[in-house]
Amino acid sequence: MLDFVPPAYRDFKIGSFLWNDHRSFFTELGIQKVDARPGSDEHQQYLVKMGFKPQADGTYRKLL
């Protein structure tokens with residue numbers, strides 16, 4: 001898992017650092033989008049907060 005964070009550290013700082021502040025890490029590798037499948041309601045809420053958008057197939061996508 002790329003962005004797993006134990007419950008004690010789920011304050012969105014790591015996700016914001018990864019998906020927003022340093023998205024160039026991915027784009028410099030040619031990655032233009034990231035798809036994720038939420039495993040729980042909490043994960044779905046996290047994805048939405050990080051800017052992922054729901055897709056018709058049940059995944060969530062973030063365009064970088």
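All values below come from the heavy atoms of this structure, side chains included, with hydrogens, waters and symmetry mates left out.
Shortest non-hydrogen contact noted between K62 and W19 is CE-O, 3.4 Å. In terms of heavy atoms, T59 sits closest to R37 at CG2-NH2, 3.4 Å. Between P38 and G58 the shortest heavy-atom distance is CD-O, 3.8 Å. When all heavy atoms are compared, the tightest approach of G15 to M50 is C-SD, 3.3 Å.
Taking 4.5 Å as the limit, some side-chain heavy atom of Q44 sits within range of a side-chain heavy atom of D41.
Both tests pass for K49 against the ring of F12: distance under 6.0 Å to the centre and angle within 45° of the axis.
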Please step through side chain to side chain contact (heavy atoms under 4.5 Å, CB included) for the pair F52 and V34, ending with a clear verdict.
-> CA-CA 8 Å; F52 286 72; V34 177; 4.1 Å; yes
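At distances below 3.5 Å, not a single donor-acceptor pair connects side-chain atoms of K33 with backbone N or O atoms of L64. Side-chain atoms of S24 do not come within 3.5 Å of backbone N or O of T27 as any donor-acceptor pair.
Summarising the geometry, atom NE2 belonging to H22 is positioned 3.5 Å from atom CZ belonging to F17; distances are rounded to the nearest 0.5 Å.
Using modelled atom types and a 3.5 Å distance limit, the side chains of Y60 and Q55 yield no donor-acceptor pair.
The hydrophobic cluster containing F26 does not contain L63, counting ILVMFWY residues as joined when their side-chain heavy atoms lie under 4.5 angstrom apart, directly or transitively.
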